[in-house]
Amino acid sequence: GEDVEQSLFLSVREGDSSVINCTYTDSSSTYLYWYKQEPGAGLQLLTYIFSNMDMKQDQRLTVLLNKKDKHLSLRIADTQTGDSAIYFCAETRYSGGGADGLTFGKGTHLIIQP
Amino acid sequence: NAGVTQTPKFRVLKTGQSMTLLCAQDMNHEYMYWYRQDPGMGLRLIHYSVGEGTTAKGEVPDGYNVSRLKKQNFLLGLESAAPSQTSVYFCASRTRNYEQYFGPGTRLTVT
């Protein structure tokens, strides 16, 4: 099975909260990330969380980590049209060499309805 | 501070041709990475480097070579391009705090 799984689409109304979910399989995952990709652009690092944390908040973004269930979520408060993008969940693990790349999910398309 | 830059932005190759993609970062990061992104997929790691003069294979290294002669540059080479290498290529560099920053990407088409 895949290492990181996400739903492909999420549709929300402008002004509502968006919650994008992700599950991962590797219990040794150390850092978990959320990236945003707009059409034709690169990946923008939104936030990341270390595995010994349960929650991290940064302005409109809240990340929740349930390490027992290997579940990560990203909540975007007061969703705006500019939030329309693909959101990627990714994980990495500290291997001593410290060089491991990221393992990505396939991305969730966030669609904003007016 | 330009961050991570990639050259070129677009390229079309014929099967069997070779090319080099250049990634440059001005953040003095030790770690650099090359990924490819295919439609409907997340990014997959091709090769990475932990410092000047060192490189290592990632998840999908076949058909690619890399070099890190200078700390700020990480080159990705295709010796004999194949249609299966049509993709968008992203370079990234990483801080000591595990923050990984991406370049804008190179869109490569192999016909």
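A, B, ... follow the sequence lines: proteins, then strands. Residue 1 opens every chain.
In this structure, CG in B:L43 is found 13.5 Å from NZ in A:K106, a value given to the nearest 0.5 Å. To the nearest 0.5 Å, the span separating CG on A:L43 from CD on B:Q37 amounts to 6.5 Å.
Residues passing the ring-ring contact (aromatic ring centres under 6.0 Å, His included) test with B:Y64 are B:Y89, sequence neighbours excluded.
Hydrophobic cluster membership is shared by B:Y33 and B:V88, with clusters built from Ile, Leu, Val, Met, Phe, Trp and Tyr side chains linked at under 4.5 angstrom. A chain of hydrophobic side-chain contacts below 4.5 Å, direct or via other Ile, Leu, Val, Met, Phe, Trp or Tyr residues, connects A:L32 to A:F50. No single ILVMFWY cluster, assembled from side-chain heavy atoms under 4.5 Å apart, contains both A:L64 and A:V12. Hydrophobic clustering (side-chain heavy atoms under 4.5 Å, transitive across Ile, Leu, Val, Met, Phe, Trp, Tyr) keeps B:L75 apart from B:I46. B:V60 and B:L21 fall within a single hydrophobic cluster, where Ile, Leu, Val, Met, Phe, Trp and Tyr side chains are chained together by heavy-atom contacts under 4.5 Å.
Within the 4.5 Å cutoff, the side chain of B:Y35 has heavy atoms near those of the A:F104 side chain. Considering only heavy atoms from C-beta on, B:L45 stays 4.5 Å or farther from A:L102 through its side chain.
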- When you look at A:Y33 and B:Y98, which way does the side chain to side chain contact (heavy atoms under 4.5 Å, CB included) test go after all the steps? CA-CA 10 Å; A:Y33 302 78; B:Y98 284 78; 3.3 Å; yes
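Taking 4.5 Å as the heavy-atom cut-off, the residues of residues 82-91 of chain A that approach chain B are A:F88, ordered by number.
Of the atoms belonging to B:N97, heavy atoms from both backbone and side chain fall under 4.5 Å from chain A. Contact of A:Q44 with chain B is not made at all, since no heavy-atom distance falls under 4.5 Å.
Within the 6.0 Å centre-distance limit, the rings of A:Y35 and B:F102 are counted as a close aromatic pair.
Within a 6.0 Å radius of CD in A:Q59, no more than 12 heavy atoms belonging to other residues, nucleotides or ligands are found. Within a 6.0 Å sphere centred on CZ of B:R107, heavy atoms belonging to other residues, nucleotides or ligands number 12 at most.
Pairs engaging residues 47-57 of chain A under the side-chain hydrogen bond (donor to acceptor under 3.5 Å, both in side chains) rule: A:Y48-B:E99 [sequence neighbours left out]. Every pair passing disulfide (SG to SG under 2.5 Å) that includes a residue from residues 71-111 of chain B is listed here, sequence neighbours excluded: B:C23-B:C91.
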